[in-house]
Amino acid sequence: QVHLVESGGGLVQPGGSLRLSCAASGILFSDNAVAWFRQAPGKQRELVAYINSGGVTHYPDSVKGRFTISRDNAKNTVYLQMNSLKPEDTAVYYCNLPSRAWGQGTQVTVST
């Protein structure tokens, strides 16, 4: 059974940084594409970062240049480095293994 666990969320001031982690059990991240999504109150869940098994990444314009997805195969963990955070980045962030599993989510709040 595939299980994803996110961590690293919290409260940060505008302009600050956070690094989210997604640890997997029951599957190897190195063999699969992995994505990060977010969902703000009253809004649809949206993709914020994607990495395929070959290491190719994709970001929407809203986070391009500020967010970086990476993978540590030895730890079977995927990271989302978020820099220059804005209040509009406030959301619950979810790790996703396409067509397989979702994590439980971690809250990110960007506020003074």
Side-chain angles (χ1 to χ4, degrees):
Q1 184 176 359
V2 178
H3 193 51
L4 306 178
V5 179
E6 302 100 332
S7 61
L11 174 64
V12 63
Q13 292 188 343
S17 298
L18 280 176
R19 189 178 78 160
L20 307 183
S21 299
C22 175
S25 59
I27 199 164
L28 290 179
F29 273 151
S30 59
D31 295 338
N32 292 275
V34 185
W36 284 95
F37 284 76
R38 68 185 179 189
Q39 188 166 21
K43 294 189 176 181
Q44 288 188 328
R45 193 169 295 191
E46 62 174 352
L47 175 72
V48 295
Y50 172 90
I51 185 167
N52 69 12
S53 58
V56 177
T57 58
H58 168 77
Y59 308 92
D61 289 344
S62 58
V63 306
K64 194 173 295 183
R66 300 189 298 121
F67 289 12
T68 303
I69 187 171
S70 63
R71 184 172 57 214
D72 185 332
N73 293 335
K75 295 182 178 180
N76 206 27
T77 298
V78 169
Y79 302 99
L80 183 67
Q81 178 67 44
M82 305 185 295
N83 299 327
S84 302
L85 283 162
K86 306 175 182 180
E88 51 264 43
D89 295 318
T90 295
V92 178
Y93 283 71
Y94 298 91
C95 181
N96 171 248
L97 200 64
S99 303
R100 295 290 299 273
W102 289 90
Q104 83 288 351
T106 185
Q107 176 71 46
V108 172
T109 302
V110 185
S111 175
T112 56

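Since we're looking at a predicted model, the values are computed, not measured.
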How about [X] and [Y]: do any of their side-chain heavy atoms sit closer than 4.5 Å?
X: Glu6; Y: Trp36; value: yes
X: Ile51; Y: Ser70; value: no
X: Tyr59; Y: Ile69; value: yes

Give the minimum heavy-atom separation between [X] and [Y], together with the two atoms involved.
X: Ala91; Y: Ala40; value: CB-N, 3.8 Å
X: Arg71; Y: Asn32; value: NH1-O, 3.5 Å
X: Ser17; Y: Asn83; value: OG-OD1, 2.9 Å
X: Ala23; Y: Phe29; value: C-CE1, 4.4 Å
X: Ala49; Y: Leu80; value: CB-CD1, 3.8 Å

### Message
Regarding Ser53 and Asp31, do their side chains bring together a donor and an acceptor under 3.5 Å, going by distance alone?
### Response
no
In this structure, would [X] and [Y] fall into the same cluster of hydrophobic residues linked by side-chain contacts under 4.5 Å?
X: Val63; Y: Tyr94; result: no
X: Val48; Y: Val12; result: yes
X: Leu97; Y: Val78; result: yes

### Message
Let's go through Val34 and Asn96 carefully: what are the C-alpha distance in whole Å and the side-chain angles of both, what is the deciding distance for side chain to side chain contact (heavy atoms under 4.5 Å, CB included) to 0.1 Å, and is it a yes or a no?
### Response
CA-CA 6 Å; Val34 185; Asn96 171 248; over 6 Å; no
### Message
For Ser62, run the side chain to side chain contact (heavy atoms under 4.5 Å, CB included) check against Glu88, Lys86, Arg38 and tell me which one passes.
### Response
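With Ser62 as partner, side chain to side chain contact (heavy atoms under 4.5 Å, CB included) holds for just one option, Arg38.
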### Task
Just say parallel, tilted or perpendicular for the rings of Tyr93 and Phe67, cut-offs at 30° and 60°.
tilted
### Query
Within 45° of the ring axis of Phe37 and under 6.0 Å from its six-membered ring centre, is that where the NZ or CZ of Arg45 lies?
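That pair does not qualify as a cation-pi contact.
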